[in-house]
Q: 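For reference, the structure I am asking about is given below.
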Amino acid sequence: MLLTSLASILALGMGAVSTSLAVSHKTYTNPIIPGWHSDPSCVYVSEQETFFCAASTFIAFPGLPLYASKDLVSWELASNIFNRPSQLPDLADTEGQQGGIYAPTLRYRDGTFYLIVSNLGPSIKGLVFTSTDPYDDDSWSEPLVFPVYGIDPDIFWDDDGQVYVSSADNNMIHHYSLDLSTGEIGDVSYLWNGTGGAYPEGPHLFKKDGYYYLLIAEGGTETNHAVTMARSKNRTGPWEPCPHNPVLTNKGTGEYFQTVGHSDLFQDGKGNWWASALSTRSGPNWVNYPMGLLKEINSYCM
Ligand SMILES: *[C@@H]1O[C@H](CO)[C@@H](O)[C@H](O)[C@H]1NC(C)=O
Ligand SMILES: *[C@@H]1O[C@H](CO)[C@@H](O)[C@H](O)[C@H]1NC(C)=O
């Protein structure tokens with residue numbers, strides 16, 4: 001979640017559809033959302049046949065832009081989730097460009113959009129914003145505030161409806177229940193640490209076919225940035241690392257797009273899995289320059 005002025009959102013199809021868009025058989029160009037859009041988190045909402053992605057804004061206001069697309073190619077700004085000072089008065093006292101709100105997770109459940117994020121202000125707080133109309137700034141709630149562990153919180157509903165947060169603190173992925181009516185959290189357990197890269201962070205938890213899948217970022221948001229995965233029959237582990245880790249990275253390549261990582265996964269209306277990820281136009285020498293393309297990926301674990 002390094003703040004860089006050039007982090008963009010990439011979309012990557014999982015499987016045989018890497019560059020032809022399964023939704024409508026179009027090709028698409030990465031980045032799908034250029035400019036400063038770090039830490040993308042995306043969902044597909046079948047009732048609206050629309051994809052939505054949110055991105056980090058650190059200390060900028062308005063913040064947490066939400067983009068909408070029918071085809072993953074054309075995107076429009078639907079709303080700013082953080083759009084009035086009352087939602088985050090602390091931001092006025094936040095110093096330093098690595099403060100504020102970054103690395104959100106966007107999810108949709110039973111007609112409601114949820115955006116969970118840490119605020120690194122004078123004190124660290126977890127925030128959950130909700131909305132039933134993603135095209136209306138005013139519909140985004142004042143946040144539920146909860147005692148988050150560190151950064152990059154993910155929100156996950158287990159089969160019994162219980163809500164769990166996974167977040168990164170002290171080089172570990174912390175995992176705990178969250179009561180969405182009171183903000184109370186439960187006991188902490190520690191999930192998979194990754195494959196040995198620095199800074200395991202950016203966790204997202206999924207459940208598919210009887211397995212919990214944990215997706216994380218590691219290596220730090222520079223040229224070693226990578227996405228790795230593990231799975232478990234049990235929400236708290238033990239974890240079985242994907243044999244193809246890292247599932248996504250441009251580490252160690254001469255590619256123009258570097259820092260590819262901090263990924264999220266979502267399924268389109270036809271059941272295809274997609275990954276969003278951030279990237280910077282830095283080249284392997286880790287300097288910024290303005291145009292280019294990303295190579296395809298083709299090894300996955302789901
Ligand atoms: C995960 O990392 C933490 C902090 O570095 C360490 O204390 C812990 O033992 C690690 N857990 C595993 C399973 O390697
Ligand atoms: C699953 O996790 C729970 C704690 O969350 C533990 O008590 C149980 O032994 C675990 N089961 C397996 C098969 O690891």
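For this chain, numbers begin at 1 and follow the sequence in order.
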Q: Under the rule for side-chain hydrogen bond (donor to acceptor under 3.5 Å, both in side chains), what residues qualify as partners of S263, not counting sequence neighbours?
A: none
Q: Got a sec, which residues hit side-chain hydrogen bond (donor to acceptor under 3.5 Å, both in side chains) with S166, two or more places apart in sequence or on another chain?
A: H175
Q: Does F129 offer a backbone N or O that forms a donor-acceptor pair with the side chain of S141 under 3.5 Å?
A: no
Q: With side chains defined as the heavy atoms from C-beta onward, is the minimum distance between Y44 and N272 less than 4.5 Å?
A: no
Q: State, with a plain yes or no, whether a side-chain heavy atom of P31 is found less than 4.5 Å away from one of F257.
A: yes
Q: Under 4.5 Å between side-chain heavy atoms, hopping through other hydrophobics if needed: is there a path connecting V45 to W273?
A: no
Q: Quick one: list whatever passes side chain to side chain contact (heavy atoms under 4.5 Å, CB included) with V145, sequence neighbours left out.
A: K125, L127
Q: Kindly state each residue pair satisfying salt bridge (Lys or Arg N to Asp or Glu O under 4.0 Å) with at least one member in residues 174-189, sequence neighbours excluded.
A: none
Q: Looking at residues at least two apart in the chain, or sitting in another chain, which of them share a side-chain hydrogen bond (donor to acceptor under 3.5 Å, both in side chains) with Y108?
A: E47
Q: Mind checking whether H204 and H262 have parallel, tilted or perpendicular rings, split at 30° and 60°?
A: perpendicular
Q: Examine distances only and state if a side-chain atom of N245 and a backbone atom of M229 form a donor-acceptor pair shorter than 3.5 Å.
A: yes
Q: T94 side chain to G100 main-chain N or O, any donor-acceptor pair under 3.5 Å?
A: no
Q: Please answer whether the main-chain N or O of T253 pairs with a side-chain N or O of Q258 as donor and acceptor at a distance below 3.5 Å.
A: yes
Q: For W75 and L72, indicate whether the former's side chain and the latter's backbone hold a donor-acceptor pair under 3.5 Å.
A: yes
Q: Within a strict 4.5 Å, meaning less than it, do heavy atoms of the S69 and F52 side chains meet?
A: no
Q: What residues, two or more places apart in sequence or in another chain, satisfy side-chain hydrogen bond (donor to acceptor under 3.5 Å, both in side chains) together with S131?
A: S139
Q: Minimum heavy-atom separation for P89 to Q87, with atom names?
A: CD-C, 3.7 Å
Q: Taking E255's backbone N and O only, do any of them form a donor-acceptor pair with N250's side chain (distance below 3.5 Å, no angle check)?
A: no
Q: Verify, without hydrogens or angle tests, whether D137 (side chain) and N80 (backbone) share a donor-acceptor contact under 3.5 angstrom.
A: yes
Q: Do E218 and T228 meet the criterion of a side-chain donor-acceptor pair at a distance under 3.5 Å?
A: yes
Q: Would you call the rings of Y212 and F156 parallel, tilted or perpendicular, where under 30° means parallel and over 60° means perpendicular?
A: perpendicular
Q: Checking the side chain of D136 only, and the main-chain atoms of D138 only, is there a donor and an acceptor separated by less than 3.5 Å?
A: yes
Q: Are side-chain heavy atoms of I216 and P200 found at a separation under 4.5 Å?
A: yes
Q: Who pairs with P153 by side chain to side chain contact (heavy atoms under 4.5 Å, CB included), at least two apart in sequence or on another chain?
A: I116, S118, V148, V165, S167
Q: Assess, by modelled atom type and distance only, whether the side chains of S232 and E240 contain a donor and an acceptor separated by less than 3.5 Å.
A: no
Q: With side-chain hydrogen bond (donor to acceptor under 3.5 Å, both in side chains) as the criterion, how do T259 and T280 come out once you've worked through the C-alpha distance, each side chain's angles and the decisive distance to 0.1 Å?
A: CA-CA 6 Å; T259 75; T280 48; 2.8 Å; yes
Q: Within the structure provided, determine whether F146 and L180 are in side-chain contact (heavy-atom separation under 4.5 Å).
A: no
Q: Please step through side-chain hydrogen bond (donor to acceptor under 3.5 Å, both in side chains) for the pair Y164 and D154, ending with a clear verdict.
A: CA-CA 8 Å; Y164 293 94; D154 172 76; over 6 Å; no
Q: Are the side chains of T105 and L115 in contact, using a 4.5 Å heavy-atom criterion?
A: no
Q: Given side chains that start at C-beta, do those of S276 and F266 come closer than 4.5 Å, heavy atoms only?
A: yes
Q: Go through I32 and V73 one step at a time and tell me if the side-chain contact (heavy atoms from CB on, under 4.5 Å) criterion holds.
A: CA-CA 6 Å; I32 53 166; V73 174; over 6 Å; no
Q: I'd like to check the side chain to side chain contact (heavy atoms under 4.5 Å, CB included) partners of A60; sequence neighbours left out, ordered by chain and number.
A: W36, T57
Q: Under the rule for side chain to side chain contact (heavy atoms under 4.5 Å, CB included), what residues qualify as partners of Y190, not counting sequence neighbours?
A: M172, H174, V188
Q: Between the side chains of D71 and Y28, does any donor sit under 3.5 Å from an acceptor?
A: no
Q: Is there a side-chain contact between L248 and V260 (heavy atoms, below 4.5 Å)?
A: yes
Q: Which pair of heavy atoms, one from A275 and one from L265, lies closest together, and at what distance?
A: CB-CD2, 3.7 Å
Q: For Y114, I'd like to know if atom OH has over 12 heavy atoms of other residues, nucleotides or ligands within 6.0 Å.
A: yes
Q: Test side-chain hydrogen bond (donor to acceptor under 3.5 Å, both in side chains) on Y67 and H37; report intermediate values, then the result.
A: CA-CA 11 Å; Y67 293 92; H37 293 104; 2.7 Å; yes
Q: Could you pull out all residues at least two apart from R84 that satisfy salt bridge (Lys or Arg N to Asp or Glu O under 4.0 Å)?
A: E142
Q: Who passes salt bridge (Lys or Arg N to Asp or Glu O under 4.0 Å) against D159, sequence neighbours left out?
A: K207
Q: Under the salt bridge (Lys or Arg N to Asp or Glu O under 4.0 Å) rule, collect the residues that match up with E49, sequence neighbours excluded.
A: none
Q: According to the interplanar angle, ranging from 0 to 90°, do the rings of F58 and Y102 count as parallel (below 30°), tilted (30 to 60°) or perpendicular (above 60°)?
A: parallel
Q: Are any side-chain N or O atoms of Y176 and backbone N or O atoms of Y149, one a donor and one an acceptor, separated by less than 3.5 Å?
A: yes
Q: Would you say D152's side chain and G202's backbone share a donor-acceptor pair under 3.5 angstrom?
A: yes
Q: Hey, mind stepping through I124 and N119 against side-chain contact (heavy atoms from CB on, under 4.5 Å) and telling me if it holds?
A: CA-CA 6 Å; I124 185 164; N119 172 31; over 6 Å; no
Q: Under a 3.5 Å cutoff, is there a donor and acceptor pairing between the side chains of W140 and T130?
A: no
Q: Which atom pair, heavy atoms only, marks the closest approach of W286 to E222?
A: CZ2-CG, 3.6 Å
